[in-house]
Amino acid sequence: MTQYTTVFGSLEDYSKGGVQIVDDDPKYYAFSNVFDVASRAAPYEKVAVGKNLEYVLEAIRAEGTSEWRATPHDEFALVMDGTVSVELLDPAVELVDPASSGSITLEGRPDGSPMGTVTAQRGHMTMLPAGKAYRMHCDGVGVVLLQTIEGPDTVYRWGDICQTF
Amino acid sequence: MTMIDEAPNSLGYRPFSVGGFTFARDEYFVTVEWPTGNHQMPVDHWLRCIQRDVAWEFFYGIVNFDSVIGTMNHYGTVDMFAGRFNEAYRRAEVDYNETFDEEELLGCFRAMLSDWTNEGYDPFAAPLETGSAFGPSSGDNDEAVTRKRVVAERMVSVPGDEPLRSDESGFPVNRAFADVDQSEPVIEAEPGYESEVCSFNLYAYLSRSDVTWNPSIVSACKESLYCPTTEEFTLPVIHGNDRVEWFVQLSDEIQWDVEDRDTGAKRARVIMKAGDVAAMPADIRHTGYSPKRSMLLVWENGSPRIPEMIAKGEAPVHPVDF
Ligand SMILES: [Fe+2]
C-alpha cells in the first residue's frame with residue numbers, strides 16, 4: 001500500500017503557495033499564510049487573516065502567557081503549531097455585555113471560579129465559551145487560529161501579510 | 001411536476017423528470033433534455049454532483065455541474081439551469097432556467113441517486129476508494145448516498161453535540177492520513193464544568209472522514225461556520241458562491257481554478273499549501289484539485305441577512321479593501 005506523508009506546516013517549516021493571475025487582481029484573494037503571519041507577530045497579537053463582514057479569523061503567536069480575556073460569545077482556538085494550554089475561568093460578575101462582539105482584554109485575573117485547563121497540541125480545537133474568561137500559555141512558540149468576531153484588539157495589516165502582485 | 005415512477009429502460013435505469021427537464025442514464029452517460037436543448041455528462045460525474053447538491057441542500061449560491069448544467073440556491077426555492085452561466089448559450093438564447101421548491105428538486109435528485117447508483121459505487125468517495133459507476137443497473141448503495149451531513153451546533157465533541165469519530169463508530173483512519181496523530185487534548189475540567197471545558201483533535205477527526213469534498217460544520221461562532229472537509233481528486237462541481245468564502249489549507253496542497261462566475265473566463269489559479277489562507281471573491285466560480293487527500297477548512301458566513309444584502313447590492317464582492 002502507498003505510504004503517504006501528511007504535511008501540516010509549522011513556524012519552522014512551511015512553504016507558501018500563491019495566486020497566479022490570468023486576468024485579475026491578487027488583492028481580491030487576500031492570500032496569506034498563518035505561519036508567516038505568526039512568525040512576524042508580537043506574542044498574542046490578534047492579526048486578522050480572514051474577515052467576512054463582522055466575523056474574523058485571527059492568527060495568534062502563542063508565546064509565554066497571555067493576558068486574561070473575556071468573550072461575549074463562543075470562540076474556538078485551533079492550535080496549528082506547538083503546545084498551548086488554555087485556562088478557563090467562570091467570572092463572579094458579568095465581565096462583558098453578552099450582546100457585544102469580540103473578546104476584550106481584562107486587567108489581571110478576574111474574580112471567579114476556575115473551570116479547568118486544556119492542554120492542546122497541533123490539530124486540537126478548544127472552545128472558549130460565551131461569558132467566560134480565559135488565558136493561554138505556551139512554553140515555546142505556538143500558533144493558534146481563532147474563530148471569532150472582530151473586537152477592539154483585532155489587528156488589521158492586510159497590506160503587510162497579503163500577496164499584492 | 002416531478003416524474004419518478006417511470007418504468008426502467010432495458011439497462012434497468014428509470015428516467016426522471018422535473019419541470020421541463022428530463023434525465024435518462026445509460027451505461028456511461030446521463031442525458032439531460034430541456035425545451036431548448038440537451039446535454040450529456042459521464043454518469044459518475046453526474047452522481048458526484050447531485051450527491052453534493054443533496055448533501056448540502058444546494059449549498060451557497062451556484063453549484064455548476066459543468067459549464068452548462070447546475071443549480072442556484074435561493075434558500076427555500078432553487079433554480080435548475082442549462083447554459084445560464086455560459087456566454088455562448090446566452091448569446092444564442094438557448095439557455096434555460098426553471099425555479100423549483102427546494103424539496104421538489106431534492107426529491108428528484110434523491111430518487112435518481114438511489115436508482116442510478118450501483119452497488120459498490122460511492123459518489124462521495126475518491127476514485128481510488130470506490131468501484132465503478134458504469135454498466136447496467138446492479139443493486140444500490142443507499143447507505144452511502146443517504147449519509148447525514150455533520151452540523152455541529154457549538155462544536156464537535158461538546159456533550160449533546162456531534163460526536164467524535166472512532167473505529168467503533170465506523171470511521172477508521174483514512175489510508176492517506178495513517179500518519180496523523182490521534183492523541184486527544186488533555187482536558188482537566190473542574191466538577192460541574194465538564195460540558196463547557198471542551199476540546200478535540202480536529203485533525204484526527206478529519207483523518208477519519210469517509211467522504212471527500214463535503215464541507216461539514218464542526219464549530220459555529222454565531223453565524224461564522226467552520227466547514228472543514230477532506231479533499232482528494234477533483235471537486236466535482238464548479239462552485240459559484242453568492243458571497244465571499246474563505247479557505248484555510250490545513251494540510252497538504254490544493255490547486256484551484258478560478259473563473260468569472262457569469263462567463264467562465266479564466267481569472268486565476270490559486271495554489272494553497274498548509275497554513276495558507278485565501279478568500280474567494282463573490283463574483284467568481286472555482287473548482288479544486290487535490291493530488292493527495294488533504295484537509296481544507298472552508299469558512300462560511302451563514303448569516304440569513306446575506307441574501308437580502310446581495311439583493312440590495314450591499315454584500316461585498318471582495319473580502320477586504322486594502
Ligand atoms: Fe466553494
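Just so it is clear: chains get the letters A, B, ... in the order the sequence lines come, proteins before strands, and each one is counted from 1. Computed from heavy atoms alone, side chains included, the values below leave out hydrogens, waters and symmetry copies.
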Task: A/Asp23 vs B/Arg267, salt bridge (Lys or Arg N to Asp or Glu O under 4.0 Å): CA-CA, chis, key distance, verdict - done: CA-CA 5 Å; A/Asp23 180 18; B/Arg267 284 176 51 169; over 6 Å; no
- [ ] Applying side chain to side chain contact (heavy atoms under 4.5 Å, CB included), run through A/Thr6 and B/Lys292 and close with a yes or a no.
- [x] CA-CA 9 Å; A/Thr6 303; B/Lys292 180 220 174 254; 3.1 Å; yes
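Judged purely by atom type and a 3.5 angstrom limit, A/Tyr29 has no side-chain atom pairing as donor or acceptor with the backbone of B/Met280. Judged purely by atom type and a 3.5 angstrom limit, B/Asn201 has no side-chain atom pairing as donor or acceptor with the backbone of A/His124. In this structure, A/Gln147 contributes its side chain and B/Ser224 its backbone to a donor-acceptor pair below 3.5 Å. Side-chain N or O atoms of B/Ser199 include one that pairs as donor or acceptor with a backbone N or O of A/Met125 at under 3.5 Å.
A/Asp90 and B/Tyr193 form a side-chain donor-acceptor contact under 3.5 Å, judged by distance and modelled atom types alone.
Of the atoms belonging to B/Pro319, heavy atoms from both backbone and side chain fall under 4.5 Å from chain A. Only the backbone of B/Ala220 has a heavy atom closer than 4.5 Å to any heavy atom of chain A. Within the 4.5 angstrom heavy-atom criterion, atoms from both the backbone and the side chain of B/Asn301 approach chain A. Of the atoms belonging to B/Gln255, not a single heavy atom falls under 4.5 Å from chain A. Contact of B/Ala176 with chain A is made through backbone and side chain together, with heavy-atom distances under 4.5 Å. When heavy atoms are compared at a cutoff of 4.5 Å, B/Val158 approaches chain A solely by way of its side chain, counted from C-beta outward.
For A/Phe76 and B/Tyr226, the gap between ring centers reaches or exceeds 6.0 Å.
Considering CG of A/Leu88 and CD of B/Glu188, their distance stands at 11.5 Å, rounded to 0.5 Å.
Between chain B and the residues A/Trp158, A/Tyr14, A/Phe35, A/Tyr156, the most heavy-atom pairs under 4.5 angstrom are made by A/Trp158.
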